[in-house]
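First the structure, in the form of structure tokens, and then the observations on it.
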Amino acid sequence: MCQVDEDYHDGLERAEVPSVSKKCVKCKEASAAVVIRAGDTYCRGCFKEYFIHKFRAMLGKNRIIFPGEKVLLAVSGGPSSSSMLSQVQEGLSQNAHKKLRFLPGIVYIDEGGAVGQSVEERQRTVAELQAVFKATGFPFHMVPLEQVLDLPSSVVVTAPAASEQPASAYKAAVDHFIQSDSSSCSTAQDHEQTSVPEVQESHTQLLQQLIGSAQTLTARQDLLNTLRHHLLVHTARTEGYSKLMLGDNCTRVAVKLLTSISLGRGAQLAQDTGFADSRYGDIILVRPMRDYSAKEIAYYNHMFSVPSVFIPGGDTKTTDKASIQRLTESFVTKLQADFPSTVSTIYRTSEKLQTACRNSSTADQADRCLLCMCALDTAVENASAFQATLTSEQLSQNKPSGATGTENPRQNPAPVEQESTAPSGQCCSSGGEDCGRTERGGGGGCCSSAKEPERTDLKSLLCYSCQLTIKDMSSLERLPQYILSEAQRRQRRSQMREEISEFLLDDGDEGS
Amino acid sequence: MCTFQPPTARLCCRRVSHALFSGEEELTVHDETTCYLTQSCKTYLVYVRKVIFYQYFSSCISSPHSQFRPRFIGNFVKMPVLCSSCTEKRAVLKRPKTGHSLCKGCFFWAFEEEVHQTIVAAKLFKPGEIVGIAASGGKDSTVLAHVMKLLNERYNYGLELMLLSVDEGITGYRDDSLETVKRNQQQYELPLKIVSYEELYGWTMDAIVKQVGLKNNCTFCGVFRRQALDRGAIMLKVDKICTGHNADDVAETVLMNVLRGDIARLRRCTAISTASEGEGVVPRCKPLKYAYEKEIVLYAYFKKLDYFSTECIYSPNAYRGYARTFLKDLESVRPSSIIDIIHSGENLSVREGVKMPVQGTCNRCGYISSQALCKSCVLLEGLNRGLPKLGIGKHHRLHDKILSQQPLTEKEERKLKSVDF
């Protein structure tokens, strides 16, 4: 043990005590104002330059946002998205060095109804944010989460992507934009006064029942996240935006990555955390704040007084173990305090993952999760964790009458029989066709079937992780209509395909 | 006064009683606790009993009364629970993996059957193969040896099983656990081979710790053990090695590799068996990959298996400890998360063009290595030269020098020496 002490002693001697009067590492003139990482001290001016450059570099490097494109900024009021808003504002200002060339708009989703805030509280927050948004001069949309109940089912259908853009297209588009009169930019910035839609109390109640039907906070947060995404994408579609900017910062991405792994979303990991996410097809989700740590953003917001609004969420003031999301967040932040490279290492892991969905363009509608819109990862492969779970559940439940010899399994031939029956049962419950379902569908007619969807029915349309969320819900009848009707539509289609399967020559692409 | 405090129970029982006792026979409640219950709660209790009697658990998740989950009942009502599998015997345990209550017999059956399914589905073994079971004497390997022998006989795998142990030379730890392995050998009547670090490398862990101290000594032990197992396997002429890695271990490794940003290992670590490449490498597999650690302990406990349960005296294991605690916390929030993490790991897709280490062979000993020298040769060289830090961290630049047996410069030597005191 002495040796360990020795090491520390050695380290202490070498380390210089950071002094207040340290010079900026960049300009080496002005005295430093912030320490971003150990050893990286910046003065006020250089820090601002560094911060702004990072944002432009992120957009410039990825070349996803084309000049003149309409981009919707999802602003929650938190530090990270507020900072994103101020960066866009900065980039569009007349004196900007390299002007951004897209047309921004703002969307705010008011989740107060789901969290149980009073009407007065919600109005106050909305008014506060409205003031911030008005000051930017961008068009903005204040959308209460209650609107998720009235979405059309087209939201959960991947729209065909705007034609595939070759790499050279970006350059051409920039040239074209520069040549054409840039006045279109300013005309689009007409103030579009969006009034806050009235929220009916009954809608709020329905929403609360929906969120409340998820019995664990983990599932509740996951559900809320999904609904929020649907509403954001729908708003972008109806208002004619083609990109959606999210304010996830580096710390957030790291937490999200670990959370996703813990929730069984390994297949969707890259889409959940990558820079661009094209799961919705026509609307591309972009995360331009991925490079900033939460600390940098906090410094910037503080030093350059970027306004942000605190809005309590579902996990505010809860214990660490309240949900998986919360637990992961506290794990990462605590580890980050001891090992300062934690967040950046996890973040770099996400960089190495495949961003393009394996079959994003070819994937049939039926092969996508009804909730998270990612490609399904529930094909029962031999020797997979998913199959192991199914086996365990089957084995611990009531056994078929064939295998009763639990007292003396060694001499019982029954297990052998069990072995042969088990795999077929598994395929049945998770594959495209479920024996129980076809029976029901044939008897009662699909359209007139009961309003409450069978859990097993819905399960076959969901990815592994969304199945877990649904498992934690007490009832499914509270799910918004657009999800339920799309589920019915998909089931009808798969039934139809089942009926005509013998006449199909190929695994038809016609289905999509 | 009603002892049912939760309002949900009080609220629901009225509905329940209304629904249930319209025409059905009533069951008597014998528990004394019911004396303090209001009439409606009594009917609720009767309902709960019925639920248990009719094994309603499985279907009640999708029923409108899904408030009555087993967990809820378990918290507030004490009464014998019947096994959810055979519905005859009294359940003695709640499976950590699925939450079902099972009797002893059904649990054993389910556990063994799951391992069997894993082996069959992943096609781990072929008839006639000689399989070495890596036995440390701990719970995982003891259960593995027991289950492998049992399944081999029950399903006629046609395997020849052997026990393979590594003696790291840790006084007060490995010598004791090896005693357990020797007892197991007699109980299971399997041949046993023990390979020791001393005969393979000329160093015991005790001697290594004396030189390198308590920091980083696990690096030596881990690297040497991997190779020692392979060498032992070759001596025994086995075709495959199976190790006792359980679901918790695999999930923990997934988390560790994310935290370390090791994408190559992240991709490999969820594979159930290693690809059989290269000379001198025996393929390994993990038949217990989908078995929860807790279930392994339960199995060993109820089977009264003889195992050794002491932590290694040299392993403070700092960073892995964080991942371990995190995993245990996750499991307590959502028990399925261990399997969920493995599912994630199995479905990860790595971006094309990410640099991956290429498997080659060590220029000195011929063992698989991604560098010019394999890790254990570098570590050994460091030990023999009195520069224990040679193998800690990355010193690939020095590999050529070591190979051509050139002396290191003074500056390099100073860096690699352990701190004198």
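Chain letters run A, B, ... following the sequence lines, proteins first and then strands; every chain starts at 1.
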Top residue by heavy-atom pair count (under 4.5 Å) with chain A, among [options]?
| options | result |
| --- | --- |
| B/Leu330, B/Leu102, B/Asn257 | B/Leu330 |
| B/Thr325, B/Val254, B/Asp329, B/Ile119 | B/Asp329 |
| B/Ile342, B/Leu259, B/Thr270 | B/Leu259 |

Which bit of [X] comes within less than 4.5 Å of chain B, counting heavy atoms only: side chain, backbone, both or neither?
| X | answer |
| --- | --- |
| A/Glu351 | backbone |
| A/Arg348 | neither |
| A/Ser323 | backbone |
| A/Leu269 | side chain |
| A/Ile261 | both |
| A/Thr389 | side chain |

Going by atom types alone, do B/Tyr299 and B/Glu112 pair a side-chain donor with an acceptor below 3.5 Å? yes
Do [X] and [Y] have side chains that approach each other closer than 4.5 Å (heavy atoms only, starting at C-beta)?
| X | Y | answer |
| --- | --- | --- |
| B/His100 | B/Cys83 | no |
| A/Asp377 | A/Cys463 | yes |
| B/Asp249 | B/Asn246 | yes |

Region of [X] in contact with chain A, defined by heavy-atom distances below 4.5 Å:
| X | result |
| --- | --- |
| B/Glu346 | side chain |
| B/Thr98 | side chain |
| B/Val250 | neither |
| B/Leu327 | neither |
| B/Leu266 | side chain |
| B/Arg267 | neither |

Given the options A/Asp320, A/Thr328, A/Leu258, which has more heavy-atom pairs under 4.5 Å with chain B than any of the others? A/Thr328
Relative to chain B, which of A/Ile346, A/Leu327, A/Thr218, A/Thr342 shows the most heavy atom pairs under 4.5 Å? A/Leu327
Whether B/Lys294 and B/Asp248 form a salt bridge (side-chain N of Lys/Arg under 4.0 Å from carboxylate O of Asp/Glu) is what I want to check. no
Within the supplied structure, the quantity of interest is the number of heavy atoms (other residues, nucleotides, ligands) at a distance under 6.0 Å from B/Lys149 NZ; does it exceed 12? yes
Tell me if a side-chain donor or acceptor on A/Asp472 pairs with a main-chain N or O of A/Thr216 at a distance below 3.5 Å. no
How are the rings of B/Tyr157 and B/His116 set relative to one another: parallel (under 30°), tilted (30 to 60°) or perpendicular (over 60°)? parallel
Ring geometry between B/Phe108 and B/Phe302 (parallel below 30°, tilted from 30 to 60°, perpendicular above 60°): perpendicular
Note: A/Leu458 and A/Ala487 closest approach over all heavy atoms is CD1-CB, 3.6 Å
Apply the side-chain contact (heavy atoms from CB on, under 4.5 Å) test between A/Lys352 and each candidate in B/Ile263, B/Asp262, B/Leu348; give the one that qualifies. B/Ile263
